[in-house]
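In what follows, a structure is listed as structure tokens, so that the remarks can point back to it.
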There are 2 protein chains.
Amino acid sequence: MSDIRVLVVEDEPIASAAHAAYVQRLDGFSLAGTAPDGQSALRLLAEFSAAGNQVELVLLDMNLPDLHGLDIARRMRSSGLFSDIIAITAVRELNIVRSAVAIGVVQYLIKPFTYATFAEKLTNYRLFREQLASSDDGKTKTGASQSDVDQAFASLRTPSELQLPKGLSVSTLDSVKDFLRKEDAAVSASEVMDELGMSRVTARRYLEYLADAGSVSRAPRYGAPGRPENEYRWTRG
Amino acid sequence: MSDIRVLVVEDEPIASAAHAAYVQRLDGFSLAGTAPDGQSALRLLAEFSAAGNQVELVLLDMNLPDLHGLDIARRMRSSGLFSDIIAITAVRELNIVRSAVAIGVVQYLIKPFTYATFAEKLTNYRLFREQLASSDDGKTKTGASQSDVDQAFASLRTPSELQLPKGLSVSTLDSVKDFLRKEDAAVSASEVMDELGMSRVTARRYLEYLADAGSVSRAPRYGAPGRPENEYRWTRG
DNA sequence: ACCGTTGCGTTCATATTGGTCATGAAAGGT
DNA sequence: ACCTTTCATGACCAATATGAACGCAACGGT
């Protein structure tokens, strides 16, 4: 099966490069191009489409200099471009999620996100496509059943857990990530301990994992007596 | 919360009446109208929209005398109508499912279906909307997290309790659900075991199923030595 | 410069629970 | 009655947060 062609739409150069690198790193996907704003994204999509080289998936940042992501999606649909869309946003507004779903957004990523989260969403999307393709290749004359469709939709939600190192759990990692995203400032292990009600050792283990994974930066905090305390700051996005 | 306004688009009079009756029978939904073909559906939608009375959900048959369902959906998007769509079809073609998803079809029903199946899909959709509304009503300053969004998508796409997985029984599930609803606080598997007199394994299996189905939230309970115990809290209703 | 003080980093054993498997009982079909 | 299927159970091993103990790095006086 050929790769899924992906267009990355993102105005910040650093984030754009990161997302592009993520795509190339993932099996089953290939990068079709990148666009820094809505106009060029629409132009690129039209060009690819005219060349019979349709982009199948768009990673669409919702906050762009010229157009809002929802507007871009609407214009895509108006001009007959029906690529699938994964929305990426930093704003935490759930009410735009519904509008997004209505125009065919299949997944929703909240910045900043780790590579693991990114890979999970795209892999789910690929599984969704593969299930649709495999159950309908003409061999069975019965065709698709309701449960086939349900199963395909189910793979589009998020059960595919990534491989974490021994000793770490998904839900705890999520708690820590959510807390770090919420705090703009750098936080120490003790602060995470107090806020989430876990032990210092546990908090530090997860922060250290995130630091190794590159999602957070780690720096010592000087000025107070005692051994310097590490502080962690979210850097993804 | 006000009802979700639904438009039924279906050419066969008998089926149309049945679907309309189904909608009226369901809590949380009200029937906005019915249309026998694509043209009148589009006209009705435009009229409602102009009257500030936008239809929020369209039950769209894919095989209509004048237009294919996909075409209707495309024209809706082109004319700025962004109601959500549940597709209904008798043809068993999975490859059009992907196109349908790209234009914002949120669910897919294959004819013939029972009322139970119908109710399941619409209820999932309603829960999806409610979750988006509740997590974003301005009370929490943290905003939405990735897991909130994931949860909402899960309830949209998880086939819920109609076909129970092997090993689960309806009556036991009801006991567990009743107990969870009664308790406002989060409960652990052990507490369910003690209270309902079942084994821990059984209690955990049902709680885990409800967590996957999106009816309860699951979070580890920190603070005590030993492996953290999961606690479950009812989130529906 | 040196040294005691301070408080976090790091390691390890421990306490509990999560998860799986084979078993047993009960229900349903033939 | 016998067989098949289904669901709950107990026992097992694996997983994961905790607390204590020790080491380490900067601060602040001497």
Side-chain angles (χ1 to χ4, degrees), chain A residues 116 159-180 183 185-213 216-233, chain B residues 147 161-180 183 185-213 216-233:
Chain A
S160 86
E161 304 288 343
L162 265 290
Q163 203 82 13
L164 262 71
K166 290 281 188 191
L168 275 68
S169 77
V170 181
S171 40
T172 305
L173 183 62
D174 280 346
S175 305
V176 175
K177 282 198 290 190
D178 281 346
F179 177 68
L180 278 170
E183 302 287 316
V187 296
S188 71
S190 302
E191 285 158 4
V192 174
M193 166 184 83
D194 286 339
E195 203 65 31
L196 299 183
M198 57 179 59
S199 78
R200 192 172 52 106
V201 179
T202 302
R204 228 190 55 76
R205 182 169 29 194
Y206 282 90
L207 289 169
E208 211 55 35
Y209 165 72
L210 288 170
D212 284 344
V216 303
S217 68
R218 171 183 38 201
R221 177 190 285 172
Y222 302 105
R227 176 167 178 165
E229 186 176 17
N230 280 336
E231 58 180 22
Y232 303 83
R233 184 193 309 267
Chain B
S147 45
E161 309 158 9
L162 288 185
Q163 191 138 7
L164 285 164
K166 290 283 187 192
L168 276 69
S169 77
V170 182
S171 47
T172 309
L173 182 64
D174 283 343
S175 314
V176 175
K177 282 200 290 189
D178 282 347
F179 178 67
L180 278 170
E183 302 285 317
V187 295
S188 71
S190 304
E191 284 159 6
V192 174
M193 167 184 81
D194 287 339
E195 203 66 30
L196 299 182
M198 56 178 60
S199 77
R200 208 195 71 222
V201 180
T202 302
R204 228 189 52 78
R205 183 166 46 215
Y206 283 89
L207 290 169
E208 209 57 31
Y209 165 72
L210 287 170
D212 281 344
V216 303
S217 68
R218 170 185 40 205
R221 178 186 286 173
Y222 304 105
R227 176 166 178 162
E229 185 176 16
N230 280 338
E231 56 180 23
Y232 303 83
R233 185 192 309 267

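By convention in this document, chain letters (A, B, ...) are assigned in the order of the sequence lines, proteins followed by strands, and residues within each chain are numbered from 1. Keep in mind that what you see is a predicted model, and the values were worked out from it rather than measured.
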Rounded to whole angstroms, how far apart are CZ on R221(B) and C1' on dG18(C)?
-> 14 Å
Could you tell me whether T202(A) contacts a base, only the sugar-phosphate backbone, or nothing, with contacts defined as non-hydrogen atoms closer than 4.0 Å?
-> base
Remember a base hit wins even if backbone is also touched, and classify S188(B) as base, sugar-phosphate or nothing at under 4.0 Å, heavy atoms.
-> nothing
Salt bridge (charged side-chain N to carboxylate O under 4.0 Å, His left out) filter on E229(B), not counting sequence neighbours, yields R221(B)
With D178(B) via salt bridge (charged side-chain N to carboxylate O under 4.0 Å, His left out) - residues at least two apart | R181(B)
Hey, which sits more toward the 5' end of DNA chain D by its nearest nucleotide, M198(A) or K166(A)?
-> K166(A)
Only distances under 3.5 Å count here; give the side-chain donor-acceptor pairs of residues 195-203 of chain B to other protein atoms, sequence neighbours excluded, each with its distance to 0.1 Å.
from, atom 1, to, atom 2, distance (Å)
S199(B), OG, T202(B), N, 3.2
S199(B), OG, T202(B), OG1, 3.0

Does anyone know the first and last nucleotide of DNA chain D in reach of chain B, 5' to 3', at under 4.0 angstrom to a heavy atom?
-> dT6(D) to dG19(D)
Taking only residues two or more places apart in sequence or in another chain, which ones pass side chain to side chain contact (heavy atoms under 4.5 Å, CB included) with D174(B)?
-> V170(B), K177(B)
Kindly give the heavy-atom pair with the smallest separation between L168(A) and Y206(A), and that separation in Å.
-> CA-OH, 3.2 Å
Bending between helix ends of the helix from dA1(C)-dT30(D) to dT30(C)-dA1(D) [5 pairs per end, 10° resolution] | 20°
With sugar-phosphate taken as primed atoms, P, OP1 and OP2 and all else as base, the protein-contact string of nucleotides 3-11 of chain C at under 4.0 Å (heavy atoms; B, S, -) is ---BBBBBB
Under the salt bridge (charged side-chain N to carboxylate O under 4.0 Å, His left out) test, residues paired with R204(A) that sit two or more places apart | E208(A)
Interatomic distance, CG@D194(B) vs OG@S188(B), rounded to 0.5 Å, equals 8.0 Å
Beyond-backbone contact of L173(B) with Y209(B), side-chain heavy atoms, under 4.5 angstrom = yes
Across all chains, not counting sequence neighbours, the side chain to side chain contact (heavy atoms under 4.5 Å, CB included) partners of P220(A) are Y222(A), P228(A), N230(A)
Between dC12(C) (C1') and R205(A) (CZ): distance, integer Å | 12 Å
Close N or O pairs between protein and nucleotides 26-28 of chain C (under 3.5 Å):
none

d(E231(B) CD, S190(B) OG) to nearest 0.5 Å is 12.0 Å
G223(B) or G167(B): which one's nearest nucleotide on DNA chain D is closer to the 5' end?
-> G167(B)
Side chain to side chain, L210(B) and Y232(B), heavy atoms closer than 4.5 Å = no
Starting at CE of M193(B) and ending at P of dG19(C), how long is that distance when rounded to a whole Å?
-> 16 Å
Rounded to the nearest 0.5 Å, the CG atom of L207(B) sits from the CD atom of E191(B) at a distance of 10.5 Å
